[in-house]
Each structure stands twice: as structure tokens, then as C-alpha cells.
Amino acid sequence: MPATFVHKFDTPVFKGEVSVPLGLYIDGKWVDGADGTTIDVINPTNGKLITKIAEGTPKDVDLAVKAAQRAFDTTWGLHAKGADRSRLMNKLADLMEKNAETLSALEALDNGKTFKWAMRADISHSIACIRYYAGWADKIFGQVIETSEAKLTYTRHEPIGVVGQIVPWNFPLQMMSWKIGPALATGCAIVLKPSEFTPLTALYMSKLIDEAGFPAGVFNLVNGYGHVVGQAIADHMGIEKVAFTGSTLVGRKIMESAAKSNLKKVTLELGGKSPSIIFDDADLEEAIKWAAFGIYFNHGQCCCAGSRIFVHEKIYDEFLQRFTAHTKDLKVGDPFDPDCFQGPQISQQQYDRIMGYIESGKAEGATVHYGGHRIGQEGYFISPTIFTDTKPNMKIVQEEIFGPVCVVIKFKDDDDIVAQANDSIYGLAAAVFSQNVTRALSTAHKLRAGTVWINIANMLYPNVPFGGYKQSGIGRELGEYALSNYTAVKAVQVNLHIKL
Ligand code: NDP
């Protein structure tokens, strides 16, 4: 019988006792992993143990796939009416709303993001996402296609079957919601692997999914390491589609596994090196605040983080001075402090990686204009960091750092900035700041990115698609677009009176 994690929060922003099951959730039951082993969950504010979760194995993935297939063939898929799927999803959203503070507190404890922002962004967006897709569940339909008066031809958008979903640690609940929302709405059955760095909200969600009354096997959660459980999902012959958010490196491995196994459909939401472009006619005060939010939100651990800030030469000096002052004012520390904007990075591994990039920037001759150092004696806190005097081929300009580190670069004219902004293997997002609508829009249209924000940054909605150009990924999540990832189109041709 798997253990339960019981934790008493006594913080300025949240007080209360929370209990989280620590097992795997397979076929509507909480179970231990096949090998009976566990994985340590670490608190990023101090590097100490929070709890231990059950560790899944390929054998557990196999059990989960079988349970999901049974549900798909009997109680879910084409056997559950859209209206019933919608009702269950809305019930889940109600339960998430009722437990929003608990979910925020768990996210803050486990991931290190601030309780305030977890509540405002992660949890509220996740609830909205489940409600949005609940609305779609009874609106999945094909087309009637005119072929001949002697025939009736139509398409059906059928659920694709059992799907694997691999979720990262930067937005644990939000990425889970983006994935389970369209899958449940279309009638797919799910095997989900959270990141082992941040499993607590996914475990709590499994409890809420159970409470909402979804049939056994519709949703299965297998915690475990990426190269074991993630790999088993990517390789599995019974999984028809895999959705992954994470590094480009692992994205490639998943495509390879899909190609070598059953050619399962793949959607990938990968890295980025997004530009924020500040023209000389921008509202400077607002541009500074949004550009800072663009890079520092979630401690820079955003795939769409605006880590390359390009500033027109006419306003460069003033921008840099005021942007630096704004950066200095961001409070870094305890995620449960209501005044903190930034908590720790997720792990020692990510801390080392980011500090490695800061060292490489220095070694390649860039200037650390602000920050560049550790904060405190324990945990994984890094000061927001601004680099200047960079060159286009430096690693800190080209590679995704995934931390609170930006480069501020001067540009001269509109053509030059489009070329510089597009000089990246990535193409996830971009932000443009200008009061001139023609200039802003013509720049937006020339940028090779899946999302372009104008006079704003990092803003996402459940009904607006998100995904990347180039090596930032394949396919789109969110919005109506995401539904097609989870359906197979069947064309049916009926002969009314053609004789052969
Ligand atoms: P990974 O891509 O390794 O991890 C993301 C998820 O994939 C985790 O659940 C991981 O599990 C899993 N995974 C790892 N290996 C495999 C595999 N062979 N098959 C299937 N799943 C696998 O990212 P990291 O955590 O190592 O972070 C490294 C970098 O990736 C970051 O610095 C950042 O640049 C990028 N990243 C991008 C994200 C995004 O939102 N686009 C999110 C997270 C990271 P496990 O944790 O057990 O390895």
C-alpha cells in the first residue's frame, strides 16, 4: 500500500494540512511501483528531502497502457458521450477551484515558484484550461463532403486511443492541464509521466480525478525517471500518440523512439531563445516592465522566456539604466513570502547549468552588467542577471539558458533587427514593443515564431494555440488546434444508388 505525504503549511500566505498519495495511479487504484523503489523529492529552497514517491518501471507503464486500453474499449472513447465527458471535466475543474490554494502551496513547495504567482498564473490557468476543453467535449464533429448525388460522404473525428504524455517541471500543473484537457475532451485514455522533480501537484490532481468520478483507467499516472518511464512510454507499441514538453535533446529521442516502434504521432513543445524587441517609439516604462516579466517570470524557466532583449540604439542607454533599476527591485527568496517575485531554480543540476552559462558568458568576453551570482547559502537561488557587450555567436546569445539571465543588445534599424531576431535555431515566441501599429505588425509578420506578442509578453490563454517554428517543436497545444492531435479522421463513403 503506497504511503501518503502529510504536510502542515504554516506560512504567511497559506495555512493548512495537506495530504498527497505517493503511489502510482493505475486503473483507478493507488499502487506501489513494480520494483517497490522510491524517488526522493527535494525542496529547491534548501536542497532537503520533502518526501519520497513511488518509482515506476516499464512494467508499470505496461499495466497503465493495458488499463487505459480497457477503458478506451469499454467506458471511454466512443463509449462515453461528449456531454458526459464534459460533465466529468467540469467536475474536475470545480474540485481544482475548491483546492486552488492547496495546489498553489504544493507547487510552491515542490517547484519553488512563489505561492502568489502559482495561484495567479499556474492554478487559475490550469482550471480555465480544463473548463475550456470541457466545453469542446460535445462539439467534436467531422464534415459532410459533397461528392455526388448518389453518395453520402462524411468524416468522423474519432479519439486516437491511448496517449502518452510527458510533462516537465517548470509548470507542472499547467503542462499537465494543457495535455489532459484536449485528450479527455476527445475521449482518449491517458498514461502521464510528470517530472520526478515536481510530482506533487500531479499526484494531488490524480486524487481529484478519482474524486470527480472518471471511469477507472481513463487517466493513469506513472511517476519515474525520464530515461526509464519516459522512454517506456515513447517506445510502447500500445500508445498511439505521445505529447512531450521539455528539452530539444529529449524531443529528438522521443521522435526516434516513435519512429522505431509503432510510428506513434508525436507533438513536441521544446526550447526557445525568444527575442524582445524594443523600438525607439515604444512606451518605455511599459516596455521595461514587460521585458523584465518576459525574462524573469518563473525564474527564467519558461520555454518562451524573452532572453534576448534587443533595444534600438536611440533609447539603449536609458533602457539599460531603467531596466537594471527595475531588475534590482525584484525580490528573490522564500516562495511563501508575499513580496517575493523569484524563488529558487528547480534543482542543483539546473543551478549548475545556469551558472555554467554565466561563466561561459564571462569567458567569451561579455560583460556582467548586473547579477551573475548565487543568492544565500542554501538552495538554488540565482540573482537576476543582465549581460551586455555580447557577440552574436556567443553561447549566451545562441543557447537556451532556462534561468533568470538575459542579454541586452543594441540594434540600428528595422531590417537589421528582424535578421538578428530570426538568427536562432528556435522559433517559439517573440515580443515587439512599439507605439506604431504598422511597424509593430510588419515586424511581427516577419518573425519566425509560433507566438508574437505586441506590447506585452508571456501571456497565454487556453483558447489561443501555442507551439514553435523551427527546433522549438512540432504541432500546437491549446485552442481548437490541439484537438486534432488527439483525433484520427475517418472518411466514410455511403453508396446511395450507384450501380457497378
Ligand atoms: P528534459 O527534457 O530532460 O526533461 C523533460 C521531461 O522529459 C522530464 O519529465 C524528463 O524526465 C523526461 N525525459 C528525459 N529523458 C527522457 C527520455 N529518454 N524519454 C522520455 N522522456 C524523457 O529536461 P531537463 O529537466 O533535463 O532540463 C534541461 C533543459 O531542457 C532545460 O535547461 C531547458 O532548456 C529545457 N526544458 C524545456 C522545457 C520547456 O518548457 N520547453 C521544460 C523543461 C526543460 P526526467 O526528469 O526523469 O529526466
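Counting convention: from 1, in listed order, for ligands and their atoms alike. For reference, positions follow the sequence shown, starting with 1.
The side-chain contact (heavy atoms from CB on, under 4.5 Å) test with Val163 is passed by exactly one of Thr267, Thr186, Ile190, Val242: Ile190.
Phe9 and Phe336 have tilted rings, their planes meeting at an angle from 30° to 60° on a 0 to 90° scale. The aromatic rings of Trp290 and Phe293 sit perpendicular to each other, their planes meeting at more than 60°, with 30° as the lower class boundary.
Proximity to Ile166 (heavy-atom distance under 4.0 Å) selects the following atoms of ligand 1: 7 (O), 9 (O), 12 (C), 20 (C), 21 (N). Ligand 1 places these atoms under 4.0 Å from at least one heavy atom of Glu400: 33 (C), 34 (O), 35 (C). Those atoms of ligand 1 that come under 4.0 Å of a heavy atom in Leu270, given as number and element, are 41 (N). Here is the list of ligand 1 atoms found below 4.0 Å of a heavy atom in Val167: 9 (O). Within ligand 1, the atoms closer than 4.0 Å to a non-hydrogen atom of Thr245 are 5 (C), 39 (C), 40 (O), 41 (N), numbered from 1 in the order shown. Atoms of ligand 1 found under 4.0 Å from any heavy atom of Lys193, numbered from 1 in the order shown, are 9 (O), 11 (O), 47 (O). Every atom of ligand 1 with a heavy atom of Val250 under 4.0 Å away is listed here by number and element: 1 (P), 2 (O), 3 (O), 13 (N), 14 (C), 15 (N), 16 (C), 17 (C), 21 (N), 22 (C). Applying the 4.0 Å criterion to heavy atoms of Cys303 picks out, from ligand 1, the atoms 39 (C), 40 (O), 41 (N).
The protein atom (non-hydrogen) at minimum distance from atom 7 (O) of ligand 1 is Phe244 CE1, 3.0 Å. What sits closest to atom 44 (C) of ligand 1 on the protein, heavy atoms only, is Phe402 CE2, 3.8 Å. Nearest protein heavy-atom contact of atom 46 (O) of ligand 1 is Glu196 OE1, 2.8 Å. Considering only non-hydrogen protein atoms, atom 18 (N) of ligand 1 sits nearest to Gln231 OE1, 2.9 Å. Residue, atom and distance of the protein heavy atom nearest to atom 10 (C) of ligand 1 are Gly226 CA, 4.0 Å. In terms of protein heavy-atom proximity, atom 24 (P) of ligand 1 is nearest to Trp169 NE1, 3.9 Å. Among all non-hydrogen protein atoms, the one lying nearest atom 40 (O) of ligand 1 is Asn170 ND2, 3.1 Å. Looking at atom 42 (C) of ligand 1, its nearest protein heavy atom turns out to be Pro168 CB, 3.4 Å.
Summarising the contacts of atom 20 (C) of ligand 1 with Gly164, Ala234, Gly230, the nearest heavy atom is found in Gly230. Of all the listed residues (Gly300, Gly271, Ser347, Ser247), Ser247 holds the heavy atom that lies closest to atom 1 (P) of ligand 1.
Remark: Lys48 NZ to Ile42 CD1 distance equals 11.0 Å, nearest 0.5 Å. Interatomic distance, Leu208 CG to Glu97 CD, rounded to the nearest 0.5 Å: 12.0 Å.
Neither the backbone nor the side chain of Gln301 comes within contact range of ligand 1; no heavy atom lies under 4.0 Å. Residue contacts with ligand 1 for Arg353 involve side-chain atoms from C-beta outward but no N, CA, C or O (heavy atoms, distance under 4.0 Å).
The pair Glu256-Lys253 does not meet the salt-bridge criterion, since no charged nitrogen lies less than 4.0 angstrom from a carboxylate oxygen.
Less than 6.0 angstrom separates the ring centroid of Phe402 from the ring centroid of Trp169. Proximity of the aromatic rings of Phe219 and Phe214 is defined here by a centroid distance below 6.0 angstrom, and this criterion is not met. For an aromatic pair to be called close, the ring centres must be under 6.0 Å apart, and Phe171 with Trp178 fails this.
When all heavy atoms of Val332 and Pro384 are compared, the pair lying nearest together is CG2-CD, 3.8 Å. For the residue pair Asn220 and Ala64, the shortest heavy atom distance occurs at ND2-O, 3.6 Å.
For atom 4 (O) of ligand 1, the nearest protein heavy atom is 4.0 Å or more away.
Remark: side-chain polar atoms of Glu196 are not paired, donor with acceptor, to backbone N or O of Ile39 under 3.5 angstrom. In this structure, His299 contributes its side chain and Pro344 its backbone to a donor-acceptor pair below 3.5 Å.
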